[in-house]
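The structure appears below as structure tokens.
Order of the sequence lines fixes the chain letters, A, B, ..., with proteins taken first and strands second; residue numbering starts at 1 for each chain.
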There are 2 protein chains.
Amino acid sequence: MPKETFHNLPASKQQKLVDRFLREFSIHRYDDASISAVLKDLGIAKGSFYQYFESKLALFLYLQGICGTQKAKYVMQVKREDFPDFWQYFRKLYEEGIQFDQQHPLMSNFLHQIIHHIHSPTIKKLYDTWLDQIMAALTAWVQHEVDLGLFRKDIAVKSMAFFLFKITTSIMEYMRLIYGLEVEENIKKGLPVYADENGATLMKAVDEYILLLQSTFDKQ
Amino acid sequence: MPKETFHNLPASKQQKLVDRFLREFSIHRYDDASISAVLKDLGIAKGSFYQYFESKLALFLYLQGICGTQKAKYVMQVKREDFPDFWQYFRKLYEEGIQFDQQHPLMSNFLHQIIHHIHSPTIKKLYDTWLDQIMAALTAWVQHEVDLGLFRKDIAVKSMAFFLFKITTSIMEYMRLIYGLEVEENIKKGLPVYADENGATLMKAVDEYILLLQSTFDKQ
DNA sequence: TAAGAAAATGACTGCCCAGTCATATTTTTG
DNA sequence: CAAAAATATGACTGGGCAGTCATTTTCTTA
């Protein structure tokens, strides 16, 4: 998505740009994020930026791409078949998430805020289709557990998928409201999202989630 | 919150303004809503508006106030003690909500979108405290059921309250993803949010919610 | 080292916004 | 009916934004 000019840049300058923009989109929604402000901050001319990227959207999609790819490296190594039940698998995914979070805090910040970009008028449509894809993936996930005889059959798979989606995407909010952990502060500072003792609070929250979700999802 | 001048206006003009602004804030988040655009639309001068309201925020709070008051009239008549269990009470609240929705569609639209205004930088702080209040109320609600011996005791009351909060505020999204019901289209048109057959789809969704939440919340 | 290619620059366009204020119009009142 | 009070008006301020483009600077290469 970036132009050739961007790739020709010294790696350090590329990194500087990427980092600063990850930060911008972590703090502000798409429409509120200001390219002008970032460039002023970095001492880079407006015109230069547009030699690197076609548009704001191209930049945003690029960032989303690299973060997604990087996170996938962590999450993809966790395989469902290595776990006896869904919840141990689920838990392990979060453990990997914490690794990613600590090793790539800025990317982690960016990805955590992505759900909020839905509310940006300019990219709403983009996110509607993206949401549909997520839902399709989650539905397949849940269906698999139903097929294994582990999840209940009396509730529509899609409904369960929606619950899972809604609850998992709100874990940050959960941590703020339940533990008073100001996760957004960490993001503003560019620290790992779950900066407390290697994510101990997050794992506590995950375990609480599991307790709740188990009784909702598991076959009795 | 409005100035005296606003109250001196003929009722029909007041209504015209209120309706149009409810619509504006239903379609756009606080920061994206444009006073200028609305006034142009209504053929009212910028200066006049500022004789009616101190500021954009004063207007917004006024709208929030009148909508909240009106909805309370519907919801407050439903009393917990008139129902044998929480879920019948819960269900009845939604039935009243549908009444309100059909009789005051614009207000209903406004209130449904209010949760999205959280993401507006300008009023974020306002909403943070508002959220805390909602959570406190929900927590008391859940605590009451625990005290009655109807809800489980092994999960923190606050956590259950959070689940309830998160799930109930996403029912519109649920209806879009599960039933393909384009609720936002209704809002854009100023129709009742649940414009299909007196809210039949909503009640179906509520019943599905209850089925799911029951197994999560009820004492076994 | 000179010419041509690549990259950097920032003033500029055209758009949007909330809020102000001196002036003009309308309404009230004595 | 005239003076005073209330209301209406819209050009204007100062701010922000994405994106453009003619010009300058730097780098490459022959």
Side-chain angles (χ1 to χ4, degrees), chain A residues 1-18 20-21 23-25 27-64 117 119-126, chain B residues 1-18 20-21 23-25 27-64 117 119-126:
Chain A
M1 276 297 188
K3 297 188 190 171
E4 215 188 297
T5 322
F6 179 71
H7 293 302
N8 295 342
L9 246 35
S12 68
K13 193 173 182 182
Q14 282 185 36
Q15 199 59 53
K16 205 176 72 172
L17 274 159
V18 164
R20 185 59 183 77
F21 274 118
R23 196 179 140 68
E24 183 70 8
F25 285 115
I27 296 175
H28 306 290
R29 291 178 327 146
Y30 182 82
D31 283 317
D32 300 328
S34 165
I35 290 184
S36 306
V38 168
L39 295 177
K40 199 171 172 184
D41 215 61
L42 293 175
I44 292 172
K46 201 79 173 272
S48 301
F49 173 81
Y50 284 93
Q51 306 252 43
Y52 308 151
F53 293 93
E54 287 289 352
S55 62
K56 188 180 188 178
L57 186 60
L59 164 69
F60 183 76
L61 293 176
Y62 171 67
L63 294 176
Q64 193 178 324
H117 291 298
H119 302 289
S120 280
T122 310
I123 50 170
K124 183 145 190 358
K125 286 221 166 152
L126 208 74
Chain B
M1 274 300 187
K3 297 189 190 172
E4 215 188 297
T5 321
F6 179 71
H7 294 302
N8 294 342
L9 248 35
S12 67
K13 193 174 182 181
Q14 282 185 36
Q15 198 60 53
K16 206 176 73 173
L17 274 159
V18 164
R20 185 60 184 78
F21 274 119
R23 198 180 136 69
E24 183 69 9
F25 285 115
I27 296 175
H28 306 290
R29 290 179 329 146
Y30 183 82
D31 282 318
D32 300 327
S34 165
I35 290 184
S36 306
V38 168
L39 295 177
K40 200 172 172 183
D41 215 61
L42 294 176
I44 291 171
K46 201 78 171 275
S48 300
F49 173 81
Y50 284 93
Q51 304 254 43
Y52 308 150
F53 293 93
E54 286 290 351
S55 63
K56 189 181 187 177
L57 185 60
L59 164 68
F60 183 77
L61 293 176
Y62 171 66
L63 294 176
Q64 192 179 325
H117 291 298
H119 302 289
S120 279
T122 311
I123 51 171
K124 182 142 189 0
K125 285 221 166 151
L126 208 74

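Remark: the backbone N or O of B:Lys124 is not paired with any side-chain donor or acceptor of B:Tyr30 at under 3.5 angstrom. The closest donor-acceptor contact from the side chain of A:Gln14 to the backbone of A:Leu9 lies under 3.5 Å. The closest donor-acceptor contact from the side chain of A:His117 to the backbone of A:Phe25 lies under 3.5 Å.
The two residues B:Lys56 and B:Ala33 make their nearest non-hydrogen contact at NZ-O, 2.8 Å. The two residues A:Ser34 and A:Glu24 make their nearest non-hydrogen contact at N-OE2, 2.9 Å.
On the nucleic acid side, DNA chain D has its first and last nucleotide under 4.0 Å of a heavy atom of chain A at D:dC17 to D:dC21, going 5' to 3'.
Looking at residues two or more places apart in sequence or on another chain, you find no salt bridge (Lys or Arg N to Asp or Glu O under 4.0 Å) involving B:Lys46.
The ring of A:Tyr62 has its center no closer than 6.0 angstrom to the ring center of A:Tyr52.
Atom CG of A:Asp41 is separated from atom OG of A:Ser36 by 12.0 Å, given to the nearest 0.5 angstrom. The OG atom of B:Ser55 sits 8.5 Å away from the CE atom of B:Met1 when rounded to the nearest 0.5 Å. Summarising the geometry, atom CG belonging to B:Leu39 is positioned 9.0 Å from atom CZ belonging to B:Arg20; distances are rounded to the nearest 0.5 Å.
B:Tyr52 comes within 4.0 angstrom of sugar-phosphate atoms only, judged by non-hydrogen atoms across all strands, and of no base.
A:Asp31 has its side chain out of reach of B:Asp31: every pair of non-hydrogen atoms, C-beta onward, lies at least 4.5 Å apart. Between A:Ile44 and A:Lys13 the shortest side-chain heavy-atom distance falls below 4.5 Å. Contact check for B:Val18 versus B:Phe6: side-chain heavy atoms found under the 4.5 Å cut-off. Taking 4.5 Å as the limit, every side-chain heavy atom of B:Leu61 sits out of range of all side-chain heavy atoms of B:Phe53.
Of the residues near DNA chain D, B:Gly47 and A:Gly47, the one whose nearest nucleotide (by heavy atom distance) lies more toward the 5' end is B:Gly47.
For A:Lys3, the NZ atom sits in a packed shell: over 12 heavy atoms of surrounding residues, nucleotides or ligands are nearer than 6.0 Å.
One finds a salt bridge joining B:Arg29 and A:Asp32 here, because a Lys/Arg side-chain nitrogen approaches an Asp/Glu carboxylate oxygen to under 4.0 Å.
Going from atom CZ of B:Phe49 over to atom P of C:dC17 covers 14 Å, rounded to whole Å. Atom CZ in A:Phe6 sits roughly 11 Å away from atom P in C:dA8 (whole-Å rounding). Here the P atom of nucleotide C:dA8 and the CG atom of A:Leu17 are 10 Å apart, to the nearest Å.
Not one side-chain nitrogen or oxygen of A:Asn8 sits closer than 4.0 Å to the OP1 or OP2 atom of C:dA6. For C:dA7, the OP1/OP2 oxygens have no side-chain nitrogen or oxygen of A:Tyr50 closer than 4.0 Å.
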(request) Take nucleotides 23-30 of chain C nucleotide by nucleotide from the 5' end and write B, S or -, depending on whether a protein heavy atom sits under 4.0 Å from the base, only from the sugar-phosphate, or from neither. (result) --------
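Of the residues in residues 54-62 of chain A, not one places a heavy atom less than 4.0 Å from an atom of DNA chain C. For DNA chain D, the neighbouring residues in residues 32-46 of chain B, judged by any heavy atom under 4.0 Å, are B:Ala45, B:Lys46.
Relative to the axis of its first five pairs, the axis of the last five pairs of the helix from C:dT1-D:dA30 to C:dG30-D:dC1 sits at 10°, rounded to 10 degrees.
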